[in-house]
2 protein chains.
Amino acid sequence: MSSATIYDVAAAAGASIKSVSRVLNGEANVSAALRERVMAAVEALGYRRSISARALAGAASSIIAALVDAELTIEHWRSGRGNDYLSRLEMGALMEVRRADHHLMVELVDHASPGLKRDLSALLASIRPRGVILTPPNSDNAVVLDALDEAGIAYARIGPERDLHRGVCVAMDERRAAYDMTAYLIEQGHRRIGFVTGPAAYAASRRRLEGYRAAMAEHGLETPEDFVAQGDFTFQSGVAAIAGFIDRRTRLTAVFASNDDTALGVLQGAAARGLRTPQDLSVAGFDDTPGAMFATPALTTIRQPVAEMAALAARHLVPGLLTEAEAAAAPPSGGCLLAPYELMVRDSAAALTPRRSRS
Amino acid sequence: MSSATIYDVAAAAGASIKSVSRVLNGEANVSAALRERVMAAVEALGYRRSISARALAGAASSIIAALVDAELTIEHWRSGRGNDYLSRLEMGALMEVRRADHHLMVELVDHASPGLKRDLSALLASIRPRGVILTPPNSDNAVVLDALDEAGIAYARIGPERDLHRGVCVAMDERRAAYDMTAYLIEQGHRRIGFVTGPAAYAASRRRLEGYRAAMAEHGLETPEDFVAQGDFTFQSGVAAIAGFIDRRTRLTAVFASNDDTALGVLQGAAARGLRTPQDLSVAGFDDTPGAMFATPALTTIRQPVAEMAALAARHLVPGLLTEAEAAAAPPSGGCLLAPYELMVRDSAAALTPRRSRS
DNA sequence: TTGAAAGCGCTAACAA
DNA sequence: TTGTTAGCGCTTTCAA
């Protein structure tokens, strides 16, 4: 019924509780014989140390807390958009922490709450996690970082934009991904490739634009002003952007939008104006949201390595999880640890057939 | 730095730690003055009790563990299908537990592991959660239920099929939902409505079929053998089903598939045979998976109240969370607590225009 | 290489 | 109505 304690194990092994503790913690100076007996007893009793007792006694906690933004999450949930990001993040973290017998706790934080600092400090005091995984927008919330620093709790920040020296930073190479997508479109024969930006306030959006420009330039292609439309990451801004391109007779053969929502807007806007995708216009997005796969045509896009970023974060938060290569690698020079993205080639972008250049 | 303890609060309030404890636990026999002073001190110090110390000292734990199936979850993740189910479940549970200052821990369990019982018992021993939320297929795993019973830990089962007297059972009314969808199609003027089943082994599938038959019968409509095709919840079985209907000249005007994957198969199969949806054939699904909304046409379906089921489960696991009505309600007579589903009317099913009956 | 004892921050008996 | 004291199951000094 009531489960075994360290005393039961010690008794069964004919040893002291300290010896059991030593064995379980992998401390040095334990005879093989003792270790053997202890492990046998542990096995026989199905014993597992209480995380509460361990935490209380001062051992490092075995809990990793994922702090996700309440407002954003609830908003996604309400709107029926789902929380693909959240579940991918969790899966990535879970797969890693369980290898080290750690546990994942999910906490909602109100990034806009005036009592944020207090609430968070209290939360951290009551949980005392081994480490914390921060997602946007909390990755860049100074109040959150301060609370964590004060509590002396390690943290990993997913997709941070500022102060990259604080905590462990994990991200994807936005610039390079955008470069790759642009290069892919160029390989497909496109020359007149337009770009729809996100809000300038987002570093990610700025880097994607950089990647696009760099790829174009390196392939000897121009990116005149009218190839770049200002968007804001919304579907509507995609619709507006393509309408603008058409109205101004920019004559593009491909449009690369800096996120999927916008790309979906481009898709629909193009269709509304009688352009077929991908025959008349190729469209590419960025993010690989759930809707991308189901769009018609399925959207060619960049898959954000959300799970991999979380896994990377977890490996850096829990001792013993890093691969040798990772452990040996020098800390990223003033930047983030990078997780590999994926170019999802689907149906919305195709090779340019040498007949037309519309839009 | 290091956070306040109950001693600090007691000192600041000029009281004993027991008094602080009493106030915090809302015990009776505390003078208003004392309560006042204690709360002020708590407030001033930003104090929050350590969950470890509380748990160790024998207080009920404040952790709710969600046990999700490892294999299923990883498989969903790998296949890129995502885990909408998981994130909806978590959101529902999170929103509730945080109201009572509880925490959500997510654990993966290998339902097929031979060491399941041991592993789970060890896990429960080390965490000692206040309660556990079980998702399919673990909701019906006797080994899991036994381990929980032995550990004396309360649990709620989402969508269980057997032994409904064990633990708190939470589900949706599958039969009634299928009835409603069928009735909806009938209201739209359809008379020749086909049905594609899921695997007979699933109780949910059987109940959906019952609901369909009941609605048809109550509206004086026949459901001859050839109106019902055997499926297995896969996309492919939907394709096969519609092909069968067409080949056998069943002349249906609507097809109700017992899950979304199957319905999507029907959609595609119909299109491949030159049937337009919804003009020539109305199609309805069941589940509201992420793909349903993005399908072309968007799938009319039943939305499983995953978040609501999890919320209901959480409310029954954490004391003080039940609404008065819920607390007063008699336990469901040998069945499950029911969460309200939703009929998502989208574009794949339309009113029957009186010209044709195809397929 | 091993063990005895103290204490982590709480709650729960038991007194006062 | 309040306070004192003894644990909960571990890890951590400190000795042996």
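Each chain gets a letter, A, B and so on, in the order its sequence line appears, and its residues count up from 1. Basis for what follows: all heavy atoms, side chains included, without hydrogens, waters or symmetry-related copies. Bear in mind the structure is a predicted one, so any value in this text is a computation, not a measurement.
Heavy atoms from other residues, nucleotides or ligands lying under 6.0 Å from CD of B:E71 number 12 at most. By the 6.0 Å contact criterion, CD on A:E36 is open, its count of non-hydrogen atoms from other residues, nucleotides or ligands being 12 or less.
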Q) Could you walk me through whether A:L134 and A:V132 pass the side-chain contact (heavy atoms from CB on, under 4.5 Å) check? A) CA-CA 6 Å; A:L134 258 24; A:V132 163; 3.4 Å; yes

Q) Step by step, would you call A:D110 with B:R98 a salt bridge (charged side-chain N to carboxylate O under 4.0 Å, His left out)? A) CA-CA 12 Å; A:D110 296 303; B:R98 71 190 309 227; 3.8 Å; yes

Q: Begin from the C-alpha positions of A:I127 and A:E107 and carry the test side-chain contact (heavy atoms from CB on, under 4.5 Å) through to its verdict.
A: CA-CA 11 Å; A:I127 311 277; A:E107 296 288 337; 4.2 Å; yes

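For the OP1/OP2 pair of C:dT2 and a distance below 4.0 Å, the side-chain nitrogens and oxygens of A:S19 include no atom meeting the criterion.
Side chains of B:N25 and B:S21: a donor-acceptor N/O pair is present below 3.5 angstrom, by distance only.
At a threshold of 4.0 Å, the pair B:R118-A:E43 counts as salt-bridged, since one of the basic side-chain nitrogens sits closer than that to a carboxylate oxygen.
Rounded to a whole Å, the CG atom of B:L56 is 9 Å from the C1' atom of C:dC8.
For the helix from C:dT1-D:dA16 to C:dA16-D:dT1, the angle separating the two terminal helix axes comes to 30°, with each axis derived from five pairs and the value rounded to 10°.
Taking the side chain to side chain donor-acceptor pair (under 3.5 Å) definition, one finds that B:R48 meets it with B:D101, sequence neighbours left out.
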Q. In the 5'-to-3' direction, what one-character label does each nucleotide of nucleotides 10-16 of chain C receive under the scheme B = base within less than 4.0 Å of a protein heavy atom, S = sugar-phosphate only, - = no such atom?
A. BBBB---

